[in-house]
Amino acid sequence: MEQHLFVISLDALGALDLKDTSELPVLRELIQTGTHIQEVETIYPSLTYPAHTSIITGHYPTTHGIINNTKIQPEKDSPDWFWYKKAIQVPTLYDLAKEKGMTTAAFLWPVAAKSNIDYNIAEIFPNRFWLTQMMVSLHASSSLFLIDMDRKFGHLRKGINQPELDIFLTASVVDTIKTKKPTLLLTHLVDMDSMRHAHGVHSTEAKAALKRHDNRLAEIIQATKDAGIYENTVFAILGDHYQINVTHAIRLNVLFAEKGWLTVVDGKITDWKVYAKSCDGSCYIYTKNEKHNQEIEFLLQSINEIEEILSTKELTRRGADSQATFMVEGKSGYYFMDDIDGPLYEKVTEETLGKPGYYKAVHGYSPSKPDYKTTIIFNGPGIKKGEKIAGAHLVDEAPTFARILGLQFPNTAGTVIEALFE
Ligand SMILES: [Zn+2]
């Protein structure tokens with residue numbers, strides 16, 4: 001019988017979320033009958049697109065190429081995200097699976113638009129006024145498959161609002177398991193991440209989202225039983241990063257504009273010599289030449305809310321974008337914004353919450369921040385039962401997934417987590 005691997009990403013799932021599973025019966029059972037790697041160190045910057053790409057390539061962002069969620073496009077109100085697969089510079093798990101003729105399916109898996117996945121609902125959204133959600137989704141996804149899922153379950157969606165989007169997605173996953181029985185299935189559920197951004201890490205809304213995820217896992221597991229593949233399916237339930245509550249935003253480009261390093265026309269940045277590109281909890285500083293570097297460093301050192309200033313060499317060593325001149329790490333409680341439409345420092349208030357860019361909690365921080373680990377559970381044939389492993393790295397997941405499917409990456413930064421196999 002063919003071995004299946006179903007990877008289920010619960011965006012923003014932290015190690016702390018699974019300390020007490022008394023109200024999470026499905027996750028509790030998966031832990032008790034599988035192997036729980038309790039603390040997984042994410043990558044830098046700890047953002048969804050870089051992290052999900054590390055999860056399926058085994059490489060750090062500096063190598064796989066997805067160094068941020070969004071591109072450097074200061075002139076645009078809403079920059080493009082790294083939606084498209086072509087931006088990934090190394091082989092992915094689904095590339096290896098396709099080479100061996102395995103059937104693959106993905107549901108809002110980041111950076112998989114226009115990929116070779118057989119059944120793909122791509123994560124993308126329209127950021128230009130002339131585009132609609134259906135136009136961009138059809139272009140980026142397996143279009144006939146998307147039309148079929150939307151015909152069957154589209155009534156469950158309300159645009160891309162949560163929790164309706166994850167309800168639609170879970171229904172699509174369940175149907176696909178029963179009708180297509182994919183060998184490799186990748187799912188990205190965002191309900192809890194959205195609730196944490198809007199309401200805070202430990203909010204009742206975030207806790208309710210995690211309980212909804214627990215129910216969704218039950219539906220997905222049941223679907224494998226209905227499809228007759230449960231005995232041959234390994235489940236990997238994981239997070240990409242955790243979140244940290246914030247109170248203030250910092251706009252470094254306001255400082256750079258005062259220095260005359262930005263060209264601003266009608267309130268828009270049209271050109272730059274020095275540009276701060278936010279990763280929420282951390283921030284890249286890009287420069288077009290070296291002559292301002294000392295002055296930039298001096299400016300950054302004067303900001304109390306910056307915990308650490310990293311040089312190109314150091315930020316590259318930590319796996320971030322080697323094209324950046326500096327990277328700054330915010331202290332817990334502070335995060336960075338790209339725009340210049342406000343003050344250098346701004347307190348997040350009930351009035352500003354709900355506007356774009358204002359949050360109660362964010363991620364993007366250094367993986368070494370305290371209480372900031374994510375986690376992963378493996379469960380299924382060949383996986384040890386009731387085993388706990390203290391720690392691993394996010395980049396260890398891809399080579400481990402490959403091993404489960406009998407595949408092998410040519411090389412990875414991470415290594416196979418041997419201890420979880422029977
Ligand atoms: Zn995420």
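All values derive from a computational prediction rather than experimental measurement. One is the number of the first residue; the rest follow in order along the sequence. Counting starts at 1 for both ligands and their atoms, in listed order.
- Within the coordination shell of the Zn ion (ligand 1), defined by N, O or S atoms under 2.8 Å, H241 is present.
- Distances from the Zn ion (ligand 1) to each N, O or S atom of D11 single out OD1 as the nearest.
- The distance from the Zn ion (ligand 1) to the nearest N/O/S atom of S9 is not under 2.8 Å.
- Between the side chain of Q73 and the backbone N or O of D80, at least one donor-acceptor pair lies under 3.5 Å.
- Looking only at N/O/S atoms, D240 comes nearest to the Zn ion (ligand 1) through OD2.
- Note that K331 lies outside the cation-pi zone of Y334, set by a 6.0 Å cut-off to the ring centre and a 45° limit from the axis.
- Judged by a 6.0 Å distance limit and a 45° cone about the ring axis, K71 is not positioned over the six-membered ring of W81.
- With Y230 as the aromatic partner, K225 meets the cation-pi criteria of under 6.0 angstrom to the ring centre and within 45 degrees of the ring axis.
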